[in-house]
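First comes the structure, then the notes that go with it.
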Amino acid sequence: MTVKFLDLQTQYQSIRQEIDSAVLGVLGTSQYVLGPEVEAFEKSFAEAHGAAHGVAVNTGTSALHVALLAAGIGEGDEVITVPMTFTATVAAISYTGATPVFVDVDPVSFTMDPSQIEARITGRTKAIMPVHLYGQAADMDPIMEIARRHGLVVIEDAAQAHLARYKGRPVGGLGDFAGFSFYPGKNLGAYGEGGLTTTNHDGHAHRMRLLRDWGQSKKYEHEFLAYNYRMDGIQGAILKVKLKYLDEWTERRRSRARLYQELLGNSGVRVASELPDRRHVYHIFSVFHPERDRLQAFLGERGIQTGIHYPNAVHLQKAYAGLGYREGEFPVTERTAAEQLSLPMYPELSDEDVERVADAVRAFT
């Protein structure tokens with residue numbers, strides 16, 4: 001029997017009646033683009049993350065892109081971020097014409113190391129984009145202190161961190177902006193693509209609403225060159241239903257993580273941990289081993305699906321060779337990319353399947 005890495009079908013079946021009704025409701029009103037379902041979801045999601053505004057868009061990448069543009073980031077500017085992330089983080093910066101500037105991550109949370117930021121600030125630096133990787137918040141207090149002292153904007157990449165908390169406060173309202181993804185495999189996933197940007201700034205929210213909709217203040221009145229980044233009405237309706245269950249699903253993920261941690265405590269692999277002042281939401285449950293590829297193959301032979309997040313650090317990707325970084329510049333990131341393995345993690349994962357995965361890992365080590 002296979003232990004799936006992710007099981008979207010089981011989750012759908014558990015809420016099928018509500019989802020089907022929501023989709024049919026949109027078909028009945030023909031509000032296919034933005035519309036009342038999207039507006040209702042924006043409001044509820046923003047409230048859940050301690051933010052005044054939510055601006056729904058078509059992808060998580062677009063969510064970061066409109067935040068950067070609303071912050072005035074453009075050609076000649078620099079944005080500090082991390083190379084231990086999915087490429088979309090860095091792509092969003094590049095789309096504006098700005099240059100991504102990297103700092104390494106810390107070896108415990110795998111998020112931005114605040115102690116490295118100030119050495120990378122120049123006269124062209126305009127923003128910092130920390131990534132709440134795997135579902136755990138970056139160390140936001142020192143990041144915000146540095147940003148405020150240097151007059152920089154902070155944009156949280158919260159694509160993997162729905163309902164994560166930092167010192168009791170939800171991500172999404174800690175910086176000036178935050179970008180979330182609703183890719184189907186995320187903790188809150190659409191049945192297609194989707195994203196949303198949160199902010200507490202009225203003017204930024206207004207600007208982002210124009211940026212996602214061709215710069216229109218009124219129909220056919222375009223104030224500036226903009227984009228078609230609108231969220232579909234069907235996705236808004238689906239996400240509104242699923243948001244009601246997100247806290248319950250998150251607690252279930254956390255219980256799966258605790259069981260993994262208990263069973264793998266002396267297994268020979270390094271296991272992901274939750275820092276004392278964070279609420280980790282375990283989008284990804286990571287283990288680390290110097291023979292990661294052999295471990296992955298060993299588990300696969302035993303019917304256990306796994307993933308790697310991410311096998312190639314962004315600074316070493318061909319697409320970003322022009323930035324001039326070389327192997328060895330970000331040792332924590334590079335070691336993480338070489339050793340990280342993602343074990344099955346989703347709310348519906350049974351105790352028995354967690355135990356089966358842990359037994360197989362222990363058998364390898």
So CD1 of Ile73 and OG1 of Thr99: to nearest 0.5 Å the spacing works out to 11.5 Å
Value for CZ (Arg212) from OG (Ser62), rounded to nearest 0.5 Å, stands at 11.5 Å
With salt bridge (charged side-chain N to carboxylate O under 4.0 Å, His left out) as the criterion, how do Lys240 and Glu39 come out once you've worked through the C-alpha distance, each side chain's angles and the decisive distance to 0.1 Å? CA-CA 10 Å; Lys240 190 177 75 167; Glu39 290 175 13; over 6 Å; no
- Query: Is the closest basic N to carboxylate O distance between Arg149 and Glu145 below 4.0 Å?
  - Reply: yes
Discussion item. Tell me if the aromatic rings of Phe45 and Phe182 count as close, with their centers under 6.0 Å from one another.
Written reply: yes
Only residue of Arg120, Lys126, Arg124 satisfying side chain to side chain donor-acceptor pair (under 3.5 Å) with Glu78 is Arg124
Tell me, yes or no, whether the heavy-atom count around Lys244 atom NZ, taken from other residues, nucleotides or ligands under 6.0 Å, exceeds 12. yes
- Would you call the rings of Phe285 and Tyr260 parallel, tilted or perpendicular if under 30° counts as parallel and over 60° as perpendicular? parallel
**Message:** When you compare the side chains of His49 and Thr198, does any donor N or O come within less than 3.5 Å of an acceptor on the partner?
**Reply:** no
For residues 103-158, the ring pair (Phe, Tyr, Trp, His ring centres under 6.0 Å) pairs (sequence neighbours left out) are Phe110-Phe288
Checklist line | Lys/Arg-Asp/Glu bridge criterion (N-O < 4.0 Å) met for Asp141, Arg169 | finding: yes
Those residues at least two apart in sequence (or on a different chain) that pass side chain to side chain contact (heavy atoms under 4.5 Å, CB included) with Ala321 are none
*asked:* Could you check whether Gln136 and Ser109, counting side-chain N and O atoms only, form a donor-acceptor pair closer than 3.5 Å?
replied: no
- Is a salt bridge present between Glu274 and Arg278, judged by a nitrogen-to-oxygen distance below 4.0 Å? no
Asp277 meets the side chain to side chain contact (heavy atoms under 4.5 Å, CB included) criterion, sequence neighbours left out, with Tyr166, Lys167, Leu275
